[in-house]
Amino acid sequence: MPETHGSFVVELDQFSGPLDLLLTLIREEQVAITDVPIARIAEQFLQRIHSLGLGEAAEYLEMAARLLRIKAQMLLPRREDEEGWEDPRAELIRRLLEYQQMREVVDHLERLREERRGRFARGYLPAEPVPQAAPLALSLPELLAAVDRVLRLTSTPTMHDVVSRPLDVDGAIAVIRAVLMARAAGRWLDVVARDAEPWQVLSVLLALLELARRGELKLYQSRPFGPVEFSRDAASEAA
Amino acid sequence: MTPLAKLLEAALFASGRPVPLEELAALDRDATPAALAMALDELRTEYDTGGHGVELVEIGGGWQILTRPEFTEAIERAQLAARPQRLSAAALETLAIIAYRQPIGRAEIEDIRGVGVGGMLKTLLERGLIDVVGRSEGLGRPLLYGTTSVFLEQFALRHLEELPRADELAIALRSGSHPE
Amino acid sequence: MTPLAKLLEAALFASGRPVPLEELAALDRDATPAALAMALDELRTEYDTGGHGVELVEIGGGWQILTRPEFTEAIERAQLAARPQRLSAAALETLAIIAYRQPIGRAEIEDIRGVGVGGMLKTLLERGLIDVVGRSEGLGRPLLYGTTSVFLEQFALRHLEELPRADELAIALRSGSHPE
């Protein structure tokens, strides 16, 4: 089977993430995760991401910064009997243990997968009976229940959804330019549909600001909070 | 069965097409053509006399294991019976979005559902429940989908306006016709 | 073999995937569950003791005939079938987390793996190994993922409970880490 997804291909001599690299270093040092020598491990981590060319990868850099921060915290003076002192490594240790446990499951899954890969299923498959022959079992209540699910899914206002949809500023710029090609001036509603989604509104807004910055148009409002209008910039037209 | 006959059985089972004798020879370099012919014969006899649901046939210049024809009808019937042609919850949701927002493009549906719906649209198109009703004016002029007469028929609707409005929906759902 | 065992063999040969028990039952409406279980056992015994190149295994709520592992190399060498691609460590890690913590959102997976998993989730979805199983109630209502029957099939698992339990792992699971 041809493989098209790079991320799926086995990375033989690569680490699957900063935790993987960290765990490997700890194993090489033959120290316990629960008592990881932060200073030494941090130094090796930095060396290793440099030599592996991972120094650009944000996830590795983030981990490097975290290690250095913990190292610094470990150096702060403290009294042995100090109460309420929390080991600065605690969170990292927890994550490492969790990650190591997951790697154990991975080993198990890998064995299962290898076993399964070593057997073939039936290769020749007769054509399945045409499913259209069977009538569809559908009812209106079922459809309405689906509508209800969709509504409940979308009716909750979520500001986070705004960022999940990439803005299309270039598309909006094209629309505005097209309007100004046909007319000398336009209004907000000429370029934004009444039922526009937040991302569309934002796209147009950014596009208008960008075109104004470039001097391609002038933005104005006839009164405070009035509709935004725009017109071809006379200067740029002359140019 | 002999090891060679077992190997042939595994290989013919795994192959997606009839396998010519020369290719079967590649399975075991030490096997003579005579040994190969004997092992094939052994496999055929096993299937024919041991009381199996499959048989070894020579077809299209090669060898293939096929289910016995007397079972095909029962198998097809069982496949249809056991796979009721219901739409998945995801397909129903996609259909619901199209019914209420038509004409609507794929990107907008995916925006609402939060996942890709390419395969789902194909299923609904094949089922005749939706159809391409136009193209959007937007970038790339994406296809727009709408519901069909098959859709109305399927849900025993005279026209789309018979679908409850969104604000009536809660009531319609509460009227006891809820699916399990 | 009995007629029912022969019928089962024929049906299992006709499918490249595990056949669910309901579909096997639909082959013969007169067969009781006990008769069905006996016929499956008969078929398995036939393959195991009769010297066959294939065997009957139970996977993901269904039954499947697979070739015996000792023939894999020869079959691949003769280019009659090819083994599927290995999964990368990153893919296996993501699957392992989803298998144990499902339903689980992307942020939580990334928290455990320490890397972004957006592209990986897309690949696993496309492969049918995972599916969107809902949305979290949390902020932004993120999608929740779970493993599929294809996952069970590709790892030859009868059910998820076949994976080692948390207390069987060398390191105990963090308690209370499961999503509600």
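Worth knowing before you read on, the calculation uses all heavy atoms, side chains too, and leaves out hydrogens, waters and symmetry mates. Please read all numbers here as calculations on a predicted model, not as lab measurements. Each chain gets a letter, A, B and so on, in the order the sequences are listed, and its residues count up from 1.
Considering only heavy-atom pairs separated by less than 4.5 Å from chain B, the leading option among C:Ala10, C:Ala5, C:Ala78 is C:Ala10. Counting heavy-atom pairs under 4.5 Å between each of B:Glu70, B:Arg68, B:Glu46 and chain C puts B:Glu46 at the top. Options B:Thr2, B:Thr72, B:Leu24, B:Val54 differ in how many heavy-atom pairs under 4.5 Å they form with chain C, and the most are formed by B:Val54.
In plain terms, the two heavy atoms of C:Gly51 and B:Lys6 that are nearest each other are O-CG, 3.1 Å. The two atoms that bring C:Phe71 and B:Pro3 nearest to each other are CE2-O, 4.3 Å, heavy atoms only. Listed here is the closest heavy atom pair of B:Ala26 and C:Arg77: O-NH1, 4.0 Å. Nearest heavy-atom pair across C:Ala14 and B:Ile75 is CB-CG2, 4.2 Å. Residues C:Phe13 and B:Ile65 share a closest heavy-atom pair of CE2-CG2, 3.5 Å.
Within the 4.5 angstrom heavy-atom criterion, only side-chain atoms of B:Val19, from C-beta onward, approach chain C. For C:Val132, the part lying near chain B is the side chain, with the backbone staying farther off; criterion is any non-hydrogen pair under 4.5 Å. For a residue to count as touching a neighbouring chain, one of its non-hydrogen atoms must lie under 4.5 Å from one of that chain's; by this rule C:Leu27 touches chain B with backbone and side chain alike.
A distance of 8.5 Å separates NE2 of B:His52 from CG of C:Leu43, quoted to the nearest 0.5 Å. Atom CG of C:Leu12 is separated from atom OG1 of B:Thr67 by 11.5 Å, given to the nearest 0.5 angstrom.
A donor-acceptor distance shorter than 3.5 angstrom exists from the side chain of B:Glu9 to the backbone of C:Gly53, with no hydrogens or angles considered.
Atom CE of B:Met38 has 12 or fewer neighbouring heavy atoms from other residues, nucleotides or ligands inside a 6.0 Å radius.
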